[in-house]
Amino acid sequence: MPTTEPVPERVPAPGAARFPVVDPATGEAFDEAPDQQPDELDAVVGRARRAWSVWRADPAARSTALRAAAEAVEAAGEGLARSLTREQGKPLAESYAEVARTAARLRYFAGLAPRTRPIDDGRPVRSEVRWRSLGPVAAIVPWNFPLQLAAAKFAPALAAGNTVVLKPSPFTPLATRMLGSVLASVLPEDVLTVVTGREPLGARLASHPGIRHVTFTGSVPTGRAVARAAADSLARVTLELGGNDAAVLLDDVDVERIADRLFWAAFRNCGQVCMAVKRLYVPARLHADVVEALAQRAKTVTVGPGLDPATELGPVNNAPQLARIQQLTRQALANGARAAAGGHRQDGPGYFFAPTVLVDVPPDSPVVTGEQFGPVLPVLAYRSLDEAVEAANGTGFGLGGSVWGTDLDRAGAVAERLDCGTAWVNHHAELSLAQPFAGVKDSGVGVAGGPWGLYGNLRPFVVHRPPEA
Ligand code: NAD
């Protein structure tokens, strides 16, 4: 984009459009956010491009600024966490954890720098690979972990020397706006800009000619639309998409010992985790024990508003998501499944769905083959391990998977057979900031996390010259 055009006003005009934000614990709107229009993006991206010319030039200043950003996020922790819980629904303790993870991500990437590498291929030349930033990056994120997933995008992008335009989901714009204000107090102007609004804002951001990398987290269909939108400008695309993770229990598993961990791997954040356990494969001999252990937890866990300190599971985030979970569950029950716990919406206001454990589910039910993304877990019995591995690998998704047993070597060998980006033994969805994160099949394109996430926001630049005389 040309950088000489006049830059329009940054502050939205008085009376600019706004859209309501709903508290999922009540189902009522409690606040509003600016409904920014696609035609505002030219100015936003133009500013991001100007800011890039300075931000990219000084790695040491960037590192210092990102460390200050981490501290500012921690200092604002209480306000951010409360805002997050109010609009997202998750228990307050989980929102605090999300804020902490956001700060940790900034600090981690503040300490990373790309390494210049000589090319040594035996020829009498000196060539060196250096790394250059890309330009303005569009970061588009969903509503399940608004802050943490935003930081997973902007922390590496900023550390690499790019500037970022961040668009949260219209279901959860407020904590991200607050985060944007907090970061604006420590980062140079226009290095990170938060835009909020309903579609087609995201589509237009993904296709904006001034954007050089679109880094997107969300569903598979939207991911495909984003890839198509970015095709015209040939911007780089990183897609972190849906998952339908399977957990496979082996016949030597100690059910009581793992039951809590397994339950929370499926139900944390109301199952609205890309890497939640969404299908469970259990040896037929242990099936009844596993179902009983999980159903007992599902029936006794405290479900309520996230701001109530006693709450362990909050509401589902939004009405369309609740409707989808209800529809998938009803369909499974109509096709012969049985609910060992839950199976229905909870009485009262808000988007609460009773934690649900399903048995006798036909394996071709959409609740097994698709991504239910809610507090519902189908538990399927298997007779041979090969059958279980084949079923675990038998969907279009490939984000994560896990294997649970007492003999760790055997469990590890089975985990290696899973066709996914990350496989765990006796855990699920435990992620280090330093590890790569990359789904296979429909679960994603490109690599995030760790140094791979940094290089995903850089381009190689080769300097080739004759050897010294
Ligand atoms: P979504 O795809 O509906 O929306 C994601 C984001 O894209 C939102 O900000 C939305 O406003 C925006 N958007 C919508 N239409 C767009 C378009 N045409 N062009 C550009 N942007 C557009 O997803 P969601 O319902 O918000 O989130 C749930 C999904 O996210 C699940 O599928 C879940 O598995 C996935 N997810 C994946 C990961 C991962 O790392 N792989 C992490 C969390 C969530």
Side-chain angles (χ1 to χ4, degrees), residues 19 21 24 33 35-36 38 41 87-88 90 98 101 105 138-153 165-173 176-177 194-208 211 214-232 235 237-245 268-278 316-325 370-374 395-400 420-422 429 431 435-449 453 456:
F19 64 92
V21 182
D35 198 9
Q36 288 178 262
L41 291 173
E87 65 181 354
Q88 204 284 332
K90 64 183 63 180
E98 182 163 345
R101 188 94 172 163
R105 187 97 60 176
I140 302 175
V141 295
W143 43 259
N144 57 338
F145 290 91
L147 301 184
Q148 190 173 317
L149 293 174
K153 308 224 162 280
V165 180
L166 167 63
K167 196 205 78 68
S169 165
F171 291 116
T172 52
T176 309
R177 273 176 57 78
V194 176
V195 293
T196 59
R198 295 176 285 195
E199 280 314 302
L201 188 67
R204 290 284 286 278
L205 181 59
S207 63
H208 197 283
I211 292 293
V214 185
T215 174
F216 170 84
T217 297
S219 62
V220 175
T222 313
R224 291 192 207 285
V226 164
R228 280 192 289 268
D232 275 348
V237 175
T238 302
L239 304 174
E240 298 174 56
L241 305 180
N244 187 3
D245 290 10
R268 185 168 75 95
N269 200 22
C270 240
Q272 302 164 129
V273 180
C274 56
M275 285 187 149
V277 170
K278 296 193 177 100
V316 169
N317 174 256
N318 57 72
Q321 187 60 22
L322 178 67
R324 181 177 147 72
I325 294 161
E371 182 189 34
Q372 82 271 30
F373 215 60
T395 76
F397 297 96
L399 203 53
C420 56
T422 313
L431 293 171
Q435 79 182 64
F437 183 90
V440 297
K441 300 192 274 183
D442 283 354
S443 290
V445 170
V447 187

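Read the numbers this way: they start at 1 and go in the same order the structure lists the ligands and their atoms.
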Original post:
Residues two or more places apart in sequence or in another chain: which of them pass side chain to side chain contact (heavy atoms under 4.5 Å, CB included) with T217?
Top reply: P142, L149, K153, E240

**OP:** List the atom of T176, the atom of P146, and the distance in Å for their closest heavy-atom pair.
**Re:** OG1-CB, 4.0 Å

Original post:
When you look for protein heavy atoms under 4.0 Å from ligand 1, which residues do they belong to?
Top reply: I140, V141, P142, W143, N144, L149, K167, P168, S169, P170, E199, G202, A203, F216, T217, G218, S219, T222, V226, E240, L241, G242, G243, C274, E371, F373, L399, F437

Subject >> Under 3.5 Å: donor-acceptor pair, side chain of D245, backbone of G400 >> reply: yes

**OP:** Could you list the residues that satisfy side chain to side chain contact (heavy atoms under 4.5 Å, CB included) with V237, not counting sequence neighbours?
**Re:** A230, L239

Subject >> Closest heavy-atom pair and its distance - P170, G197 >> reply: CG-O, 3.7 Å

Original post:
Can you name the residues that form a ring pair (Phe, Tyr, Trp, His ring centres under 6.0 Å) with F373, not counting sequence neighbours?
Top reply: W143

